[in-house]
Amino acid sequence: MDEDKSKVDKLDVLSSTQSIIHKALSKLGYPEEMYELLKEPIRMMTVRIPVRMDDGSTKIFTGYRAQHNDAVGPTKGGVRFHPQVTEKEVKALSIWMSLKAGIVNLPYGGGKGGIVCDPRHMSFREVERLSRGYVRAISQIVGPTKDIPAPDVLTNSQIMAWMLDEYSRIREFDSPNFITGKPLVLGGSHGRESATAKGVTICMMEAAKKKGIDMTGAKVIIQGFGNAGSFLAKFMADAGTRVVGISDAYGALYDEDGLDIDYLLDRRDSFGTVTKLFKDTITNEELLEKECDILVPAAIENQITSRNAANIKASIVVEAANGPTTLEATKILSERGVLLVPDVLASAGGVTVSYFEWVQNNQGYYWTDEEVEGKLRTVLVEAFENIYDLSVRRKVDMRLAAYMIGVRRMAEASRFRGWV
Ligand code: GLU
């Protein structure tokens with residue numbers, strides 16, 4: 001590889017993921033054919049969705065649904081609404097979902113969807129028409145035993161409800177198990193909304209134990225105030241941990257004495273925007289380099305790169321977002337002794353409780369909040385320990401260890417099915 005190019009971050013999340021999958025498979029001793037199978041989704045659908053806008057015009061939106069590998073079971077994963085969604089990103093996100101399912105032992109492969117749009121600048125009714133149009137467009141390849149969507153960046157339980165309703169109309173039967181992350185009254189699960197943040201908290205506690213950090217006095221910075229970031233800030237503040245920094249897409253707030261999280265949550269809009277209300281904000285880039293013990297990137301991809309990795313003050317980074325740290329930055333952080341809990345483990349709480357929701361829908365019998373939380377904790381603590389142990393035993397960083405564990409099950413399933 002060219003010297004200069006090797007120093008530049010691979011901001012292309014798909015090729016970075018492919019290179020770690022390749023490493024993980026070769027460490028596990030699989031042949032090159034296995035990599036050829038797993039490096040891309042087995043199915044990728046691009047759709048064009050016409051939507052009647054409130055002003056009477058028609059706008060055509062582009063959407064995607066990627067199904068990475070269905071050897072283990074139906075594919076599963078969220079749908080994101082974001083102006084920067086790309087085909088490559090959706091592919092990478094579907095691979096990450098396969099890894100998460102493998103890590104927490106769910107009977108799924110990975111899937112992911114995305115629509116290029118900005119719901120923050122659309123009316124409620126326009127978002128509803130877009131959500132329904134997307135389900136009509138992908139209805140042939142999704143379903144409770146094929147591919148089960150869920151919320152992701154800028155989508156929520158209301159959007160899941162519209163999608164469920166559209167699917168039930170097309171199929172002409174009630175099918176709550178078609179989608180997860182639904183409102184409770186439509187068959188949602190207790191604990192699903194806060195599940196990603198709960199999972200991040202569980203991983204953070206385990207990581208703090210390994211590093212000998214006492215969480216009561218610890219300083220935490222959370223980048224992003226969406227679903228994961230805001231619930232996480234709440235859990236931290238309630239537990240007496242000092243949240244010294246938070247941010248949204250427009251800026252960041254930092255106070256080394258700790259921020260008033262309840263106040264900020266009260267003023268946050270439904271998309272997680274809050275910093276616009278303040279004058280003395282800093283940038284997201286500045287926030288990442290501020291003093292803290294634990295840093296949680298909970299926003300979007302490629303936030304910690306070779307440009308800022310050396311300046312990160314935290315001794316633990318817990319990735320609540322998908323893909324926030326580049327390959328090069330992962331290397332820099334691990335050389336500096338920072339314990340990095342990778343996205344495919346730290347953010348697996350969401351899909352784990354989605355699985356619980358699907359199981360409850362399938363059996364028509366619903367669990368309490370405590371039951372859901374207890375089961376989630378058991379699953380994630382075990383996954384954390386397995387990955388941490390493997391990383392110590394094989395002397396690899398936790399990301400590679402997580403990929404090795406995550407990829408093994410789908411590789412085995414593909415082998416047993418005679419695909420490779
Ligand atoms: N979108 C979430 C994720 O990236 C959850 C997916 C799901 O619940 O299926 O893990």
Side-chain angles (χ1 to χ4, degrees), residues 13 17 64-68 70 72-82 85 89-115 138 142-157 159-160 163-164 176-183 187-200 202-203 224 226-229 231-232 297-301 318-324 341-361 372 375-376 379-380 383 402 406:
V13 284
T17 303
Y64 304 101
R65 187 73 193 171
Q67 299 176 343
H68 175 240
D70 57 4
V72 171
T75 47
K76 174 97 193 79
V79 183
R80 65 173 51 183
F81 286 7
H82 199 273
V85 163
E89 181 200 29
V90 175
K91 283 183 176 180
L93 285 159
S94 74
I95 300 178
W96 293 334
M97 288 312 303
S98 283
L99 294 166
K100 290 184 203 187
I103 286 167
V104 287
N105 238 332
L106 310 180
Y108 295 138
K112 199 76 170 201
I115 302 179
I138 61 165
V142 289
T145 55
K146 288 185 187 173
D147 181 13
I148 306 131
D152 197 74
V153 173
L154 297 184
T155 52
N156 55 26
S157 58
I159 292 174
M160 299 306 110
M163 290 186 172
L164 170 69
N177 52 358
F178 155 64
I179 202 161
T180 60
K182 301 177 290 289
S189 174
H190 281 292
R192 175 59 187 87
E193 254 203 307
S194 58
T196 308
K198 255 291 136 61
V200 175
I202 295 166
C203 290
N227 170 280
F231 273 110
L232 182 64
I300 48 171
E301 290 110 48
V318 187
E319 295 182 330
N322 289 304
V341 186
D343 49 4
V344 286
L345 166 64
S347 74
V351 70
T352 304
V353 178
S354 270
Y355 165 62
F356 296 160
E357 182 174 330
W358 183 74
V359 168
Q360 292 170 79
N361 294 150
V372 171
K375 288 180 203 292
L376 173 64
V379 167
L380 278 183

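Whatever order the structure lists them in is the order used to number ligands and atoms, beginning at 1.
Close contacts between ligand 1 and V351 involve ligand atoms 7 (C), 8 (O), 9 (O) [criterion: under 4.0 Å to a heavy atom]. Per-residue contacts place K112 under 4.0 angstrom from the following atoms of ligand 1 (heavy atoms of the residue considered): 1 (N), 3 (C), 4 (O). Counting atoms of ligand 1 from 1 in the listed order, those under 4.0 Å from a heavy atom of G78 are 1 (N), 6 (C). Every atom of ligand 1 with a heavy atom of G350 under 4.0 Å away is listed here by number and element: 8 (O). The ligand atoms of ligand 1 that sit less than 4.0 angstrom from a heavy atom of M97 are 3 (C), 4 (O), 6 (C), 10 (O).
Residue nearest to atom 8 (O) of ligand 1, selected from P149, A348, S354: S354 (by heavy-atom distance). Across K100, K76, R192, heavy-atom proximity to atom 5 (C) of ligand 1 is greatest for R192.
With contacts defined as side-chain heavy-atom distances shorter than 4.5 Å, the pair M160/T155 qualifies. A heavy-atom distance below 4.5 Å is found between the side chains of C203 and L345. Proximity of V79 to R65: side-chain heavy atoms (C-beta onward) are separated by under 4.5 Å at one or more points. Residues P151 and R192 form a side-chain contact, since some pair of their non-hydrogen atoms from C-beta on lies under 4.5 Å apart.
Ligand 1 lies out of reach of G181, whose nearest heavy atom is not under 4.0 Å from it. Contact annotation: P151 has at least one heavy atom less than 4.0 Å from an atom of ligand 1.
Every side-chain contact (heavy atoms from CB on, under 4.5 Å) that N227 has, sequence neighbours left out, goes to T196, F231.
Tested against H82 for a side-chain contact (heavy atoms from CB on, under 4.5 Å), the candidates L154, I115, D152 yield a single pass: L154.
For the pair I148 and ligand 1, the shortest N or O to N or O distance does not fall below 3.5 Å.
Considering only non-hydrogen protein atoms, atom 7 (C) of ligand 1 sits nearest to A150 CB, 3.3 Å.
Residue contacts with ligand 1 for N322 involve side-chain atoms from C-beta outward but no N, CA, C or O (heavy atoms, distance under 4.0 Å). Here R80 has no heavy atoms under 4.0 Å from ligand 1, in either its backbone or its side chain.
The closest donor-acceptor contact from the side chain of E357 to the backbone of K182 lies under 3.5 Å. Judged by distance alone, with hydrogens and angles left aside, the side-chain atoms of W96 form no donor-acceptor pair with the main-chain N or O of G110 at under 3.5 Å. Using modelled atom types, one side-chain atom of K76 and one backbone atom of I148 make a donor-acceptor pair closer than 3.5 Å.
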